[in-house]
Amino acid sequence: LLQLVESGGGSVQAGGSLRLSCAASEYSYCMAWFRQRPGKGREAVASINIGRGTRGGISYYADSVKGRFTISQDNDKRMVYLQMNGLNPEDTAMYYCAARRQYCSALRDADSYNYWGQGTQVTVSS
């Protein structure tokens, strides 16, 4: 069983930054961050292919976060991070880490992932 644990959420003022972390108990090929607000579907934020091979580190972003968020990996530690800069109230959501044992070639929806963390809350106030 591949287990994922997120951390790093919290409350910040608009314009602030947070760094989310996701620890994986086993290796995967692609990991992603999603976010969800009450009454809305789970939205893909960013994904990254895992490892040091030719696909390793190749990442994808939602248009809403390009230029503000950066997804990265530490393969030795089986960790994935989401650096969130220039936060605004629209970024407020529960953020989830997801994984799958297939490489990603694009930002994919939640149905493409079969391993999920418990979520960490991000709240941005104006």
Side-chain angles (χ1 to χ4, degrees):
L1 177 64
L2 174 57
Q3 297 177 246
L4 304 171
V5 180
E6 305 98 330
S7 61
S11 298
V12 297
Q13 295 288 114
S17 298
L18 285 172
R19 188 195 191 202
L20 306 183
S21 300
C22 177
S25 65
E26 299 176 5
Y27 188 77
S28 63
Y29 288 78
C30 179
M31 296 180 66
W33 288 97
F34 287 76
R35 63 188 183 185
Q36 188 168 23
R37 308 175 196 178
K40 298 187 66 177
R42 196 161 293 189
E43 174 192 15
V45 175
S47 62
I48 186 168
N49 288 311
I50 303 301
R52 298 187 178 93
T54 57
R55 299 183 186 184
I58 296 176
S59 57
Y60 306 91
Y61 295 92
D63 288 341
S64 60
V65 306
K66 282 182 179 177
R68 299 190 297 122
F69 293 6
T70 302
I71 189 169
S72 61
Q73 64 163 332
D74 185 333
N75 190 59
D76 291 338
K77 298 180 179 179
R78 294 196 296 270
M79 297 283 290
V80 169
Y81 307 95
L82 186 68
Q83 180 66 47
M84 309 165 67
N85 298 327
L87 288 164
N88 57 63
E90 289 72 41
D91 296 316
T92 295
M94 184 73 75
Y95 282 72
Y96 296 91
C97 181
R100 69 184 210 155
R101 290 197 165 106
Q102 302 173 71
Y103 284 114
C104 294
S105 58
L107 204 63
R108 298 181 176 274
D109 63 21
D111 291 338
S112 297
Y113 297 85
N114 52 356
Y115 302 100
W116 292 88
Q118 81 286 357
T120 185
Q121 179 67 40
V122 172
T123 302
V124 185
S125 59
S126 59

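All residue numbers in this chain count up from 1 along the given sequence.
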Do you know the tightest heavy-atom contact between L2 and S28?
-> CD2-CB, 4.1 Å
If you take all heavy atoms of S17 and G86, which pair is closest and at what distance?
-> OG-N, 4.4 Å
What is the distance from atom CD1 of I58 to atom CD1 of I71, rounded to the nearest 0.5 Å?
-> 13.0 Å
Selection residues 33-69 - residue pairs positive for ring pair (Phe, Tyr, Trp, His ring centres under 6.0 Å), sequence neighbours left out = F34-Y113, F34-W116
Qualifying salt bridge (charged side-chain N to carboxylate O under 4.0 Å, His left out) pairs, either residue in residues 111-126, two or more places apart = none
Which hydrophobic side chains are connected to Y81, either touching it within the sub-4.5 Å cutoff or through other members that do?
-> M79
If you look only at pairs with a residue in residues 3-28, which of them pass as a ring pair (Phe, Tyr, Trp, His ring centres under 6.0 Å), with sequence neighbours excluded?
-> Y27-Y29
Shared ILVMFWY cluster between M31 and M94, side chains joined below 4.5 angstrom?
-> no
Is there a donor-acceptor contact under 3.5 Å from the side chain of R42 to the main chain of Q36?
-> no
For residues A44 and A62, report the shortest heavy-atom separation together with the two atoms involved.
-> O-CB, 3.5 Å
Can you get from V12 to Y95 by hopping between Ile, Leu, Val, Met, Phe, Trp and Tyr side chains that sit under 4.5 Å apart?
-> yes
Decide side-chain contact (heavy atoms from CB on, under 4.5 Å) for I50 and V80; before the verdict, give the C-alpha distance in whole Å, the side-chain angles of both, and the deciding distance to 0.1 Å.
-> CA-CA 9 Å; I50 303 301; V80 169; 3.8 Å; yes
Taking only Lys NZ, Arg NE, NH1 and NH2, and the carboxylate oxygens of Asp or Glu, determine whether R101 and E26 approach each other closer than 4.0 Å.
-> yes
How far does CD of Q83 sit from CG of L20, to the nearest 0.5 angstrom?
-> 9.0 Å
Could you give all pairs that pass the side-chain hydrogen bond (donor to acceptor under 3.5 Å, both in side chains) test and reach residues 7-16, with sequence neighbours left out?
-> Q13-S125
Between SG on residue C30 and CD on residue Q102, distance to nearest 0.5 Å | 9.5 Å
Is there a donor-acceptor pair closer than 3.5 Å between any side-chain N or O of T123 and the backbone N or O of T92?
-> no
How many angstroms lie between atom CD of Q118 and atom CD of Q3, to the nearest 0.5 angstrom?
-> 10.5 Å
Looking only at heavy atoms, what is the nearest atom pair of E6 and T120, with distance?
-> CB-CG2, 3.9 Å
Tell me, which pairs form a side-chain hydrogen bond (donor to acceptor under 3.5 Å, both in side chains) where one or both residues lie in residues 67-77, sequence neighbours left out?
-> R52-D76, R68-D91
Which atom names give the shortest non-hydrogen contact between R108 and S105, and what distance separates them?
-> NH2-OG, 3.4 Å
Would you name the heavy atoms of C97 and L4 that are closest together and state the gap between them?
-> O-CD1, 3.6 Å
Do Y96 and V45 belong together in a cluster built from hydrophobic side chains that touch within less than 4.5 Å?
-> no
So, the side chain of E43 versus the backbone of R35: is there a donor-acceptor pair under 3.5 Å, distance only?
-> no
